[in-house]
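A short worksheet on the structure shown next.
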Amino acid sequence: EMSMVTGVQTCALPIFGTHWSEVTASCFMEVDYEGEIQRGEGIVERSAYCIHAPMHRLKPGAAAVFHTHMPFASALTRLEDQHIKPIGQTEGTMMKTGYDEDYDGPGLDPAEGVRLAEACGDNTVMLMANHGAITIGETSLKLMIGCITWSELPKCSSMRCGPASH
C-alpha cells in the first residue's frame, strides 16, 4: 500500500483491487482522514486507510508512506529478534529504523494506525513483528530510496556469519 499527502486533511490511496503492475497516477483516489472519498471512484481498502491516514496525520514528515511485505524484510520480522544489526554503514548511519514488537492482526481500526505512528517515532522505517515494513518519506523520492535500500538490507543481514570485524 502506498499513500501520499494531497491536501491539509487528505491523502491519495490506490483503488482497492488494482494490481501493482497496473497502478498509474489515475488509479489513486483522494481520501480524507475519516476514510471518505473526496476525489475519484473506487473502494477504499480498510486496512490501508486505517494505517496510512493516522501516519500522515500524526507524523509531519510523512508526506509519503509505503507499507510492504518485501520477502526478506517480512522474513526478518518473523524472527524472535527482528532487529537489524549495525554491521555496516547503511545499517549504522543511513537508516533510522524502528521496531513494532506487537502484531495483533490486520489494522482494521484507525487506532491501530495511531499505535503504529507512535511506535514509529521519528524513524523513517519500521519493521512490524510478523507483518512487514513501513517506509516513510518527506517526498516520494526519499520514500523510494528507503524502500530500495530496505529491499536489500535484510539480505545483507541474513548473510552475516558473525559479529562485524573492526
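- At most 12 heavy atoms of other shown residues, nucleotides or ligands fall within 6.0 angstrom of atom CD in Glu138.
- Minimum interatomic distance between Gly113 and Pro54 (heavy atoms only, all atoms of both residues): C-CB, 3.5 Å.
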Can you list the steps and then say if Asp122 with Lys96 is a side-chain contact (heavy atoms from CB on, under 4.5 Å)? CA-CA 8 Å; Asp122 65 350; Lys96 292 176 66 177; 3.5 Å; yes

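- No donor-acceptor distance shorter than 3.5 angstrom exists from the side chain of Asn123 to the backbone of Val125, with no hydrogens or angles considered.
- Annotation: ring-ring contact (aromatic ring centres under 6.0 Å, His included) contacts involving residues 119-142, sequence neighbours excluded, comprise His67-His131, His69-His131, Tyr103-His131.
- Rounding to the nearest 0.5 Å gives a distance of 6.0 Å between CD1 of Ile51 and CG of Leu116.
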side-chain contact (heavy atoms from CB on, under 4.5 Å), that's the test. Do His83 and Thr97 meet it? Break it down for me. CA-CA 9 Å; His83 296 172; Thr97 306; over 6 Å; no

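- Considering CE of Met144 and CZ of Phe66, their distance stands at 5.5 Å, rounded to 0.5 Å.
- The hydrophobic cluster containing Val65 does not contain Tyr49, counting ILVMFWY residues as joined when their side-chain heavy atoms lie under 4.5 angstrom apart, directly or transitively.
- Cluster annotation: Met70 is connected to Leu79 through the hydrophobic network of ILVMFWY side chains, with a link wherever side-chain heavy atoms come within less than 4.5 Å.
- Atom CG of Asp81 sits in a crowded spot, with more than 12 heavy atoms from other residues, nucleotides or ligands closer than 6.0 Å.
- Taken from CG in Leu127 to OG1 in Thr135, the straight-line distance is 9.0 Å, to the nearest 0.5 Å.
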Go through the steps to decide whether Ile134 and Met128 satisfy the test side-chain contact (heavy atoms from CB on, under 4.5 Å), and finish with yes or no. CA-CA 8 Å; Ile134 287 181; Met128 300 179 295; 3.6 Å; yes

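- Rounding to the nearest 0.5 Å places CZ of Phe16 at 8.0 Å from OG of Ser47.
- Remark: Met29 CE to Glu45 CD distance equals 9.5 Å, nearest 0.5 Å.
- Scanning for ring pair (Phe, Tyr, Trp, His ring centres under 6.0 Å) contacts around Tyr33 gives an empty result, with sequence neighbours left out.
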Test side-chain contact (heavy atoms from CB on, under 4.5 Å) applied to Ile37 and Val44, step by step: CA-CA 8 Å; Ile37 298 172; Val44 177; 3.6 Å; yes

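- Judged purely by atom type and a 3.5 angstrom limit, Arg46 uses its side chain to pair as donor or acceptor with the backbone of Leu108.
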Please assess Glu118 against Arg115 for the test salt bridge (Lys or Arg N to Asp or Glu O under 4.0 Å), listing each intermediate value before the final yes or no. CA-CA 5 Å; Glu118 290 170 354; Arg115 188 188 72 75; over 6 Å; no

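- Leu13 and Ala48 get closest at one heavy-atom pair: CD2-CB, 4.3 Å.
- Here Arg39 contributes atom CZ and Thr6 contributes atom OG1; the two are 7.5 Å apart, rounded to the nearest 0.5 Å.
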Could you go through residues 55-62 and list every donor-acceptor pair under 3.5 Å that involves a side-chain atom there, pairing it with any protein atom two or more places apart or in another chain?
residue: His56; atom: ND1; partner: Ala62; partner atom: O; Å: 2.6
residue: His56; atom: NE2; partner: Ser3; partner atom: OG; Å: 2.6
residue: Lys59; atom: NZ; partner: Gly121; partner atom: O; Å: 2.1

List the steps, then state whether side-chain hydrogen bond (donor to acceptor under 3.5 Å, both in side chains) holds for Gln38 with Asp32. CA-CA 7 Å; Gln38 299 301 307; Asp32 67 21; 2.9 Å; yes

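- Sparse packing is recorded around CD of Glu41, with 12 or fewer heavy atoms of other residues, nucleotides or ligands lying under 6.0 Å away.
- Scanning both residues, Phe28 and Met4, for their nearest heavy atoms gives CE2-CE, 3.6 Å.
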Using side-chain hydrogen bond (donor to acceptor under 3.5 Å, both in side chains), reason through Thr77 and Gln82 one step at a time and then give a plain yes or no. CA-CA 5 Å; Thr77 69; Gln82 65 174 330; 4.9 Å; no

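- Looking at every heavy atom in both residues, Cys120 comes nearest to Ile136 through SG-CD1, 3.6 Å.
- Nearest heavy atom pair, residue Ala64 against residue Thr139, reads CB-O, 4.1 Å.
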